[in-house]
Structure formats: structure tokens, C-alpha cells
Engineer: 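Would you mind keeping the following structure in view while I ask a few things?
In each ligand, atom 1 is the first atom listed, and ligand 1 is the first ligand listed. As the structure is a prediction and not an experimental result, all values here were calculated from the model.
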Amino acid sequence: MKVLVLNCGSSSLKYQLIDMDDESVIAKGLCERIGIEGSVLTHKPTGKDKFVQEEAMPSHKEAIQMVMAALTDAEHGVIKDTSEITAVGHRVVHGGMKITKSTLVNEEVKQMIRDCFDLGPLHNPANLMGIEACEAAMPGTPNVVVLDTSFGMDMPEKAYMYAIPHEYYEKYSIRRYGFHGTSHMFVSGEVIRFAGLDPEKARVIVCHLGNGASISASIGGKCVDSSMGLTPLEGLIMGTRSGDLDPAVVQFLCNKENMDVNECLNVLNKKSGVLGLSGGISSDFRDLEAARDEGNELAKTALDAYVYRVIKYIGAYTAAMNGVDAIAFTAGVGENDMGTRKQICEGLTYLGVKLDEEANNVRGESRIISAPDSKVKVVLYPTNEELAIARETVALVQ
Ligand code: ADP
């Protein structure tokens, strides 16, 4: 069975065609600058040369049509006809309290995605455009939505409620949702299997450290807490997002800098995090580490603050679960940055965490990086959100 996985942003569309018989990627690619001048499709069929096409894509509809043409092309295509695609799995960012788990798309589900536009204003409209474009291009092919928020829907009330007047929860569904849910679900499940832990009782902390960063605690693969909130701004320090912050900072900044709340939130989302802390050096850890190693103090502070916040959250989540059996690292920084993993583990010796430095000296492969006598297993596990979406899609269409 072949499943197409789509991740639509406001001006981009990422896709993967996966053969679910052996979970191999048949082709993947990216449409960029949708709706903007200079649209381009980059198509990478496995085992064949990359194909790049610069052609106007006024909307996601044209982008999908170009993807379909690339997938079925005589030269760089990988299938004869789009009827070979059994189903399409779509990443949808915010399901609010309306869509709590992966589901087949129908008119009601599309309306629920629309109802969540104000919760996910940057992503949900694009996600819906992707769904509608697929419905037009492949009538009759089932579409499935997989939500970034569904893993967090298992959190208990005490973890997801904000301590603000209850009427706001009732009126507007303001609560903590926890994003990167597909990644946390995938990695926590895989780590239980990979490290041979108890599938029902294993207490796992997943550190998804990418440009966006979040951390989750789960027992037997069920989320107990997750660091992102109503939006992805809460929690860890990220590439450009502040993470946790006294909300009074917003009022103070607005008054002092003559900004409105939207401008201030833009600063907290796009100009903060390690980028902001380092005085604007970079949001990329490679640049920051190079600057720190050349003696730049702000780069050092940014990296130290980042690691400190992760260590604090691991302590909090260990307390939330009354212990921890495994800590996993994933995403860009988590998978590639052995120095950051080492620094984090150095702050966890009180838990009996013992890193195997030689095992840690690797990038992007699944392996146990703790010493055999470590009380907690530390696991490096590359995330694969596309595969997770494809698996959910298969489960719903079979
Ligand atoms: P996202 O999906 O949130 O955009 P990724 O998970 O792809 O982000 O992570 C991207 C980040 O990973 C980069 O900004 C960079 O900080 C970090 N990264 C990637 N490769 C390395 C590396 N070799 N060493 C350190 N950090 C890295």
C-alpha cells in the first residue's frame, strides 16, 4: 500500500510517498514559494536523479497538481498513475478540543479544522488548503488528518489547565495542548520497543530539540505532560522562541517599546530564544557553538541557558512521573549535537544517568547512549513524523 504524506505550510508543501509494505520512502519533495513569485518544486525520487521545476504555483491546488505530475512522470516519476496512492495523510497543527485523534476527512472534520483557525492561524488554513487540493486532484482517495495536538490530549487536567478564570477554558478552550505530538508519540513508542521497556508502565521523557523544541513525559506511550501550551511558544528555549516567560514582560515591553501585543508576540516567536539571547548571532546551534568556542560570552550564555532549561524540565517531568526509565533525544539538535546531549546528561547524575561518551559520539542513528550501569536509559532516536502520519493513515483506511 502506498501512502502520500503531506505537510502544508502557508507558502510551502512537503511530501513523501511511502511504501507501507516495507515503510520505505519512494519519493519525497518540497514545493516552495506557493503564492509568491519564484515558486519551485524539488522532487527527489529514490534511486533516481533529483528533478527541479520552476513554475508558477498561485495556490496549493497548482502545487498538488505539480506534485502529482512529478510522481507519475515517465522519467522522474515513481508510479504509473495516482490511483496507486491508497490514501493521503495530512499533518494538521491544531485540533483544539474538536479533533482529538487522527481521523478520516469528511465535511464535518473540515469544518472542525476551520473552527480551529484562531488557535492555529498560521498553519490550519494551509493544512485545509492541502486537503481540499487533494480532494480535487484525487477524487475518491481517502484523506486522513493527523494532529500535532492529539498526543497531548491524554494529559490529565492538572497538567493541561492554566490557573486563569475557568470561564476562559469553557468559552475559548484555552488550555495547554502540547505540540510536536506526532514526534513525541512516535519516539516514545519506538524507544519503549528499542530499549526493551515495559510497554504499559515505561516512564519516558522525550526531548524534541529542533529549531522548535519541546519535551514530553509519557507513561506506556500515553502523554502525562508536554511543554508547549496553547501555542508552541511555551516551554523550552528554542531557536527563535522564548519559551516560558513571565507574561508581565509582554505588558512591560509593549509600554517601553511602544509595541502592540501582536508585535510583541512576534518578537517572542521570531527574535527570541537562543537567537535573541546571543544578541542576534544565530538560531543555529552550529553557529552558536563556533562563536562560543571563539570566546563569545553571549553565545555561551545562550547555550548554557538552553541546556539549563532542558535539565530543569527533565527534573520536573521525573517528579511528575515519580521516576523515569528512559530519556530520549530527537530532532535537529537532539540527533546531531553530541555536545549538547553531554551537557544535559551532566546535569542528571543525581538521577543515576551515566552517559557512554563513545556511544554518544554519533549523529542521527538510533542507539542507546547511556552506560550499561546507568539507572536511566538514554536513547538517541531520530524522529520520523512522516512515517508516523503514514502509519496512522494506514490504520484508519484498512
Ligand atoms: P525544525 O524541524 O524545527 O525546523 P530541525 O529538527 O530540523 O528543526 O532542527 C534544525 C536545527 O538543528 C538547526 O537549526 C540546528 O540548530 C540544529 N542542528 C542541525 N545539525 C546540527 C549539528 N550537526 N550540530 C548541532 N546542531 C545541529
Side-chain angles (χ1 to χ4, degrees), residues 5-16 28-30 32 42 91 93 120 122-123 126-127 146 148-149 151 178-187 190 206-216 226-228 231-243 269-278 280-294 296 298-300 302-307 309-310 328-345 360-367 369 380-389:
V5 176
L6 283 194
N7 181 355
C8 292
S10 52
S11 67
S12 70
L13 181 160
K14 282 190 213 150
Y15 63 94
Q16 271 193 19
K28 61 180 172 183
L30 168 69
E32 292 169 282
T42 308
R91 175 192 185 214
V93 167
L122 297 179
H123 295 97
N127 301 153
V146 179
D148 263 25
T149 45
F151 185 69
F179 294 82
H180 291 146
T182 311
S183 174
H184 287 288
M185 173 189 75
F186 177 80
V187 175
E190 290 289 299
V206 173
C207 307
H208 176 111
L209 310 179
N211 190 31
S214 61
I215 179 162
S216 69
S226 194
S227 61
M228 284 175 165
T231 77
L233 187 54
E234 192 180 339
L236 299 178
I237 294 173
M238 312 183 205
T240 64
R241 294 192 193 114
S242 64
N269 271 304
K270 303 216 169 113
K271 297 182 183 166
S272 300
V274 287
L275 172 71
L277 263 172
S278 67
I281 294 176
S282 176
S283 60
D284 193 302
F285 274 56
R286 289 161 287 197
D287 303 334
L288 289 166
E289 284 160 5
R292 176 197 58 195
D293 296 344
E294 281 165 16
N296 186 300
L298 286 181
K300 181 176 181 328
L303 293 165
D304 286 350
Y306 179 92
V307 164
R309 180 93 46 103
V310 176
F329 289 101
T330 197
V333 178
E335 289 168 27
N336 294 300
D337 192 339
M338 37 274 243
T340 296
R341 289 197 300 260
K342 180 166 178 259
Q343 246 186 301
I344 293 168
C345 288
N360 182 44
N361 210 4
V362 72
R363 288 206 172 100
E365 66 176 65
S366 311
R367 63 154 76 168
I369 56 172
L380 165 57
Y381 207 96
T383 192
N384 192 338
E385 284 158 287
E386 291 79 12
L387 178 58
I389 291 172

Engineer: Please confirm whether Arg363 approaches ligand 1 to less than 4.0 Å, judged on its heavy atoms.
Structural biologist: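 Arg363 counts as a contact of ligand 1 under the 4.0 Å cut-off.
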
Engineer: Of the protein's non-hydrogen atoms, which lies at the shortest distance from atom 24 (N) of ligand 1, and what is that distance?
Structural biologist: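 Of the protein heavy atoms, Arg286 CG, 3.6 Å lies nearest.
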
Engineer: Starting from atom 22 (C) of ligand 1, find the nearest protein heavy-atom neighbour and note its residue, name and distance.
Structural biologist: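 Sorting protein heavy atoms by distance from atom 22 (C) of ligand 1 puts Asn336 CB, 3.5 Å first.
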
Engineer: Indicate whether the side chain of Glu32 and that of Ser11 have a donor and an acceptor atom separated by less than 3.5 Å.
Structural biologist: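 No - no donor-acceptor pair under 3.5 Å links their side chains.
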
Engineer: Working note: Ser226 + His184, criterion side-chain hydrogen bond (donor to acceptor under 3.5 Å, both in side chains); need CA distance, chi angles, decisive distance, verdict.
Structural biologist: CA-CA 9 Å; Ser226 194; His184 287 288; 4.7 Å; no

Engineer: Which of the atoms in ligand 1, numbered in the order shown and given with their element, are less than 4.0 Å from a heavy-atom of Asp337?
Structural biologist: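 The list of qualifying atoms is 25 (C).
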
Engineer: If you look at every heavy atom in Ser183 and Thr383, which pair is closest and at what distance?
Structural biologist: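 Closest heavy-atom pair between Ser183 and Thr383: OG-OG1, 2.7 Å.
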
Engineer: Tell me, which protein residue and heavy-atom name are nearest atom 9 (O) of ligand 1, and how many Å apart are they?
Structural biologist: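 The protein heavy atom lying closest is Gly332 CA, 3.3 Å.
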
Engineer: Starting from atom 10 (C) of ligand 1, locate the nearest protein heavy atom and write down its residue, its atom name and how far away it is, to 0.1 Å.
Structural biologist: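 Heavy-atom neighbour on the protein nearest atom 10 (C) of ligand 1: Asn211 N, 3.9 Å.
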
Engineer: Got a donor-acceptor contact below 3.5 angstrom from the Asn360 side chain to the Met338 backbone?
Structural biologist: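 Present.
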
Engineer: Any protein heavy atom under 4.0 Å from atom 16 (O) of ligand 1?
Structural biologist: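 Yes.
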
Engineer: Considering only the protein, which heavy-atom contact is closest to atom 14 (O) of ligand 1, and what is its distance?
Structural biologist: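 Among all protein heavy atoms, the one nearest atom 14 (O) of ligand 1 is Asp284 OD2, 3.7 Å.
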
Engineer: Under 4.0 Å from a heavy atom of Val333: which atoms of ligand 1 are those, numbered in the order shown and with their elements?
Structural biologist: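 Per the distance check, 12 (O), 16 (O), 17 (C).
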
Engineer: Please tabulate, for the side chains in residues 280-288, all donor-acceptor contacts under 3.5 angstrom to protein atoms that are two or more places apart in sequence or on a different chain.
Structural biologist:
from, atom 1, to, atom 2, distance (Å)
Ser282, OG, Asp284, N, 2.8
Ser282, OG, Asp287, OD2, 2.7
Asp284, OD1, Arg286, N, 2.8
Asp284, OD1, Arg286, NE, 3.0
Asp284, OD2, Arg286, NH2, 2.8

Engineer: Look at atom 26 (N) of ligand 1 and say which protein heavy atom is nearest, naming residue and atom and giving the distance to 0.1 Å.
Structural biologist: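 Checking every protein heavy atom, the shortest distance to atom 26 (N) of ligand 1 gives Phe285 CB, 3.6 Å.
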
Engineer: Go through the structure and list residues passing ring pair (Phe, Tyr, Trp, His ring centres under 6.0 Å) with Phe179, not counting sequence neighbours.
Structural biologist: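 Only His94 meet the ring pair (Phe, Tyr, Trp, His ring centres under 6.0 Å) criterion with Phe179.
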
Engineer: Are any of the heavy atoms in Gly212 under 4.0 Å away from ligand 1?
Structural biologist: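 Within the 4.0 Å threshold, so yes.
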
Engineer: Is there a donor-acceptor contact under 3.5 Å from the side chain of Thr42 to the main chain of Gly29?
Structural biologist: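 Checking the backbone N and O of Gly29 against the side chain of Thr42, no donor-acceptor pair under 3.5 Å is found.
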
Engineer: For Gly334 versus Phe329, what's the shortest heavy-atom pair and its separation?
Structural biologist: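 It is O-CB, 3.6 Å.
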
Engineer: Taking 4.0 angstrom as the limit and counting only heavy atoms of Ala331, give me the atoms of ligand 1 inside it, by number and element.
Structural biologist: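 Counting atoms of ligand 1 from 1, those under 4.0 Å from Ala331 are 6 (O).
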
